2 protein chains.
Amino acid sequence: MFSFSEENYLKAVFHLERKYKGGVSTNALAEEMETKASSVTDMIRKLSDKQLVIYKKYQGVKLSEKGRATAIEVIRKHRLWEFFLVEKLNFNWDEVHDVAEQLEHIKSEKLTRELDKFLGFPKRDPHGDPIPDAEGNFSVSNKLLLSELDKGQTGICVGVKDTSADFLRYLDKNKIALGKTVEVKDIEDFDNSMLIVIDGEELRISQAISGNLFIKM
Amino acid sequence: MFSFSEENYLKAVFHLERKYKGGVSTNALAEEMETKASSVTDMIRKLSDKQLVIYKKYQGVKLSEKGRATAIEVIRKHRLWEFFLVEKLNFNWDEVHDVAEQLEHIKSEKLTRELDKFLGFPKRDPHGDPIPDAEGNFSVSNKLLLSELDKGQTGICVGVKDTSADFLRYLDKNKIALGKTVEVKDIEDFDNSMLIVIDGEELRISQAISGNLFIKM
DNA sequence: TCAATTTTTTAGATTAGACTAAATATTTTA
DNA sequence: TAAAATATTTAGTCTAATCTAAAAAATTGA
Ligand SMILES: [Mn+2]
Ligand SMILES: [Mn+2]
Ligand SMILES: [Mn+2]
Ligand SMILES: [Mn+2]
């Protein structure tokens with residue numbers, strides 16, 4: 001059907017559309033894909049010819065319905081595999097991304113459907129991101145960043161914005177995990193660092209941390 | 001590490017070495033890979049440059065130790081994934097090959113190791129072929145073809161030579177499965193067809209069938 | 001508003017892997 | 001043992017996906 005590269009571009013456009021509502025720019029896409037703008041222009045043309053994106057020169061791209069469905073299907077597979085790796089194969093949540101980047105391109109409807117069933121139709125991946133169902137539907141919960149909480153407020157960790165291994169291992173090291181309750185004890189005006197309580201233990205975290213942890217109140 | 005194409009060629013050389021002991025010819029490889037001899041020559045050069053095969057012009061190829069280890073690793077993954085699909089995801093044995101052809105190229109040592117463990121270190125894939133262990137070791141049992149049995153002899157089905165969906169579905173339809181006992185009731189001289197007994201039922205099979213079913217006595 | 005800066009596209013190359021057609025080497029057979 | 005047949009390699013082309021450098025369009029801001 002589509003090449004790995006085409007699928008990766010579609011996924012990138014999908015993720016960037018949240019931020020760039022009026023159309024995703026060539027440069028934004030080049031940065032996301034870690035490639036050159038000229039390469040992006042080439043690929044955009046190709047995706048446009050295949051009716052996967054809507055493109056007018058110098059105006060950026062948007063996903064077509066077909067492009068969006070394809071992107072969501074790839075994301076569904078990525079997250080299902082991440083769930084599989086953590087739940088069944090003893091992977092830690094900081095180890096799954098690169099493998100899922102490969103597995104998301106395996107083409108087999110039956111495989112995806114049966115994997116989903118085998119895993120019990122999970123709703124969220126190990127990083128708290130929603131897993132689209134077979135029809136491409138997924139919940140967008142109204143979570144907020146820990147950094148947006150005020151002193152005295154309490155919430156539950158439900159996801160991470162940054163999914164880098166470094167950040168995830170920091171969280172592991174400090175016993176911060178999805179599902180746990182955090183309370184904002186104090187906020188330092190100077191650097192916006194926070195004193196939080198988690199598992200009854202006090203912990204001081206920088207804004208680099210609180211700005212990458214999703215909370216539900 | 002290596003491209004999908006390189007891995008597929010190595011696998012093909014590995015399988016063909018059984019038949020062509022003195023070196024696998026360009027044409028044999030071209031047929032196995034369903035490609036042209038000229039493409040094979042190109043790839044052989046590349047594999048030779050990478051020290052994966054031993055090659056002298058016009059003399060065919062053999063795997064180097066490094067090439068053999070790589071081929072075995074790919075075959076290990078292929079068969080582990082086939083086992084996974086049948087045992088955990090409700091695939092039938094005639095549906096697994098194409099998906100395994102994709103999955104065998106996923107690069108992650110941890111994934112292979114943990115999948116193996118998760119599956120309970122299986123020794124054989126759904127078609128009766130041995131699954132190499134993490135060190136690349138696997139048993140080569142001395143099975144023979146059903147067509148080699150004489151009238152009156154009995155054996156257990158342990159594998160299939162042809163793994164095409166058509167053949168496997170024929171076996172399913174006729175209740176022939178690995179592990180079952182077959183008895184050769186009669187052999188027709190004219191066309192070598194056999195009258196066999198399986199599950200207490202008589203069945204007449206052509207040589208196309210008996211020549212593709214492995215038996216252990 | 002128009003020159004400078006930034007963004008995007010175009011032009012031209014490169015690499016992997018495949019193909020066709022032609023050349024050359026090897027093997028078979030008369 | 002020399003044609004004939006077959007197998008293999010070489011030469012040249014093609015496509016997908018990438019790159020660099022240059023050109024062109026859009027945006028910014030003095
Ligand atoms: Mn991921
Ligand atoms: Mn994830
Ligand atoms: Mn197979
Ligand atoms: Mn198999």
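A note on names: the letters A, B, ... follow the listed sequences, proteins ahead of strands, and every chain is numbered from 1. What you see is a predicted model; the values in this text were computed from it and never measured.
Atom pair Glu6(A):CD and dT18(D):C1' shows a separation of 14 Å (rounding to whole Å applied). Met43(A) has its CE atom 12 Å from the C1' atom of dT15(D), to the nearest Å. Atom CD1 in Ile44(A) sits roughly 13 Å away from atom P in dT18(D) (whole-Å rounding). In this structure, CG of Asp42(A) is placed 11 Å from C1' of dA11(C), rounded to the nearest angstrom.
Set against dT18(D), dT10(C), dT8(D), the side chain of Thr41(B) has dT8(D) as its closest nucleotide. When distances run from any side-chain atom of Tyr58(A) to the nucleotides dT9(D), dT8(C), dA18(C), the shortest one goes to dT8(C).
Against DNA chain D, the stretch residues 8-29 of chain A makes heavy-atom approaches under 4.0 Å through Tyr9(A). In the region residues 47-57 of chain B, proximity to DNA chain D at under 4.0 angstrom, judged on heavy atoms, holds for Tyr55(B), Lys57(B).
Between Arg45(B) and dT10(D) there is a side-chain polar atom (N or O) within less than 4.0 angstrom of OP1 or OP2. The phosphate of dT18(D) has neither OP1 nor OP2 within less than 4.0 Å of any side-chain N or O from Lys36(A). Residue Ser39(B) places at least one side-chain N or O under 4.0 Å from the OP1 or OP2 atom of dC19(C).
Contacts of Ser3(A) with the nucleic acid, taken as non-hydrogen atoms under 4.0 Å apart, involve only primed sugar atoms and P, OP1 or OP2. Within 4.0 Å (heavy atoms only), Ser5(A) reaches sugar-phosphate atoms of the nucleic acid but no base atom.
Using a cut-off of 4.0 Å between Lys/Arg side-chain N and Asp/Glu carboxylate O, Asp133(A) and Arg76(A) are scored as not salt-bridged. With respect to the salt-bridge test (charged N to carboxylate O, under 4.0 angstrom), the residues Glu31(B) and Lys36(B) do not qualify. Ion pair Lys11(B)/Glu104(B) flagged as a salt bridge, since at least one NZ, NE, NH1 or NH2 atom sits closer than 4.0 Å to an Asp/Glu carboxylate oxygen. We find that Glu17(A) and Arg68(A) are joined by a salt bridge, their nearest charged nitrogen and carboxylate oxygen being less than 4.0 Å apart. Salt bridge annotation for Arg79(A)-Glu82(A): absent, with no cationic side-chain nitrogen under 4.0 angstrom from a carboxylate oxygen.
The nearest heavy atom of DNA chain D to Phe4(A) and to Gln59(B) marks one nucleotide each, and the one closer to the 5' end goes with Gln59(B).
To the nearest 0.5 Å, atoms CZ (Phe118(B)) and CG (Asp116(B)) are separated by 12.0 Å.
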Side-chain donor-acceptor pairs under 3.5 Å in residues 48-63 of chain B, sequence neighbours left out?
unit_1, atom_1, unit_2, atom_2, d
Lys50(B), NZ, Glu6(B), OE1, 3.4
Lys50(B), NZ, Glu6(B), OE2, 2.7

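Aromatic pair His97(B)/His78(B): centroids less than 6.0 angstrom apart.
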side-chain hydrogen bond (donor to acceptor under 3.5 Å, both in side chains) evaluation trace for Asp125(B) with Trp81(B): CA-CA 9 Å; Asp125(B) 85 358; Trp81(B) 282 116; over 6 Å; no
